[in-house]
Amino acid sequence: MIELDLHKKLFGADGLIQLQIKITIQTNELVTLYGPSGAGKTSIIRMIAGLMKPDKGSILVDGDTWFDSQQKMHLRTQERPIGLVFQEYSLFPNMTVYENLRFALPKGDTEEMIEELLETIGLKNLRDTKPNLLSGGQKQRVAVARALVRKPSILLLDEPLSSLDTAMRNKLQDDILAFHKRFRLTTILVSHDYHEVKKMSDRVLLVENGRIVAEGKVDDIL
Amino acid sequence: MMDYGPFILSLKLASVTTIALFLIGIPLAYWLAFNPKKYKIFLEALVALPLVLPPTVLGFYLLLALSPENGFGSWLERYFDLRLVFTFEGLVVASVFYSLPFMIQPLQSGFRSVPFSLVEASFSLGKSRWITLRKVILPNMSAAILSACILTFAHTIGEFGVVLMVGGNIPGITQVVSISIYDEVEAMNYSLANHYSLILLVFSFLILSFVYFFNYQQRKNIRVL
């Protein structure tokens, strides 16, 4: 279970917004943060990942404190068992597909996991290819697989599919749903695509101007 | 008679200086590239000083600082038995200061050229800053590293004023090739001076051509992507 209580001043395109949210996300739930750009969705993901420090509040995951402004506690990104997928792929250009995945492997783990993931995303034949030769969809599949190599308990997806065409988008949505179930992940997805949100989410959190203005099943609130 | 001693000394000085500056340059340029603090601009200005100062100014202050007559120089001599004026070690110290911007500036822009999202991706995969630097950042700025090292090397080969101030003109110890040329001209040995100069000229031209060629190739590759 993830308990978030986040306060942060954000400087966006429309000036200053005060992000203020308090939510609980259940284990194995797939939650979508839905809303217009500049509402603070990406910032929420970055705060959970430890890449951005909230001004005030706390982040509790299964009872462990990841952040607490009162206790001056801030767990570094490296110490948080998360998988993070960015919109812009962020594959390491100096490494092949296989090396990108192996880089993520924790010390002492066997490489079986990598083989298994490559098989699942159907990129076994491209294992020795550098990222610059892959299509957008292939890149993002590698990025999702890479995020899962260290067996995180939480998967954070920051608009990972927004630059892909519809067919590739559908395929990757299915892949992500399959991974979500198979690895018993708690997944938080940022999206502003209605169909994607409808297809993927157990629950939607509608984010506007740094606040959660509605939450529930897709059909109930959108 | 052509003497290759000064050439060997110049190459040795340039090699040692480049290695030393690389080791200093990586952490310093990393700090300058990623530190948001405003006061770093003073350090940036300090690093760039050798670009605009006459080498004699730098050489003069280094001579004063390193001289055994003065505080720092006498401290080095007393505790480390190290004399840095008119010695090869002194030339290395002087060259490190003199070529500092040629190492730092390309490295700094190299660090800035690596997308920060790659660094964040590495952190999110549980990797430390050190591993991220070694496996992600440095390999993705190899062109900048190569430029920095070659420019530092070439610039050190070409230095004159600082070397003369701090090292003097001692054959076999501090007489590098640029000083030999000056020496031969003073002794009216124009033909020998010409030999030395021509070799230096061709060498420098080749080195710079290589840097430009390499950068051109890199740009072409980026366009292909």
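The figures here come from the full heavy-atom set of this structure, side chains too, leaving out hydrogens, waters and symmetry mates. Residue numbers start from 1 in every chain, and the chains themselves are labelled A, B, ... in the order their sequence lines are given, proteins ahead of strands.
Contacts of Leu105(A) with chain B are made by backbone atoms alone, with heavy-atom separations under 4.5 Å and no side-chain atom involved. Within the 4.5 angstrom heavy-atom criterion, only backbone atoms of Leu91(A) (N, CA, C, O) approach chain B. If you measure heavy-atom distances from Ser122(B) to chain A, the contacts under 4.5 Å come from both the backbone and the side chain. For Tyr89(A), no part lies under 4.5 angstrom from a heavy atom of chain B. For Ala49(A), no part lies near chain B; criterion is any non-hydrogen pair under 4.5 Å.
Phe97(B) CZ: 12 or fewer foreign heavy atoms inside a 6.0 Å radius. Within 6.0 Å of NE2 on His195(B) lie no more than 12 heavy atoms contributed by other residues, nucleotides or ligands. In the displayed structure, Arg134(B) atom CZ is contacted under 6.0 Å by more than 12 heavy atoms of other residues, nucleotides or ligands. The neighbour count for Asn125(A) CG, taken as heavy atoms of other residues, nucleotides or ligands under 6.0 Å away, is above 12. For His7(A), the NE2 atom sits in a packed shell: over 12 heavy atoms of surrounding residues, nucleotides or ligands are nearer than 6.0 Å. Taking a 6.0 Å sphere around NZ of Lys12(B), one finds it holds 12 or fewer heavy atoms contributed by other residues, nucleotides or ligands. Sparse packing is recorded around OH of Tyr212(B), with 12 or fewer heavy atoms of other residues, nucleotides or ligands lying under 6.0 Å away.
Closest of all the heavy-atom pairs between Gln78(A) and Ser128(B) is NE2-CA, 3.8 Å.
Between Ser142(B) and Asn94(A), every side-chain heavy-atom pair lies at or beyond the 4.5 Å cut-off. For the pair Phe123(B) and Leu84(A), the minimum side-chain heavy-atom distance is 4.5 Å or more. Contact of the Leu125(B) side chain with the Arg146(A) side chain is registered, since non-hydrogen atoms from C-beta on lie closer than 4.5 Å.
Rounded to the nearest 0.5 Å, atoms NZ (Lys127(B)) and CZ (Arg150(A)) are 7.5 Å apart. Distance check, rounded to the nearest 0.5 Å: OG of Ser117(B) to CD of Gln87(A) gives 11.0 Å. The distance from the CZ atom of Arg46(A) to the CD atom of Glu120(B) is 4.0 Å, given to the nearest 0.5 Å. Distance CE/Met95(A) to CG/Asn140(B): 7.5 Å, rounded to 0.5 Å.
Under the 6.0 Å distance and 45° angle rule, Lys135(B) does not count as a cation-pi partner of Phe92(A).
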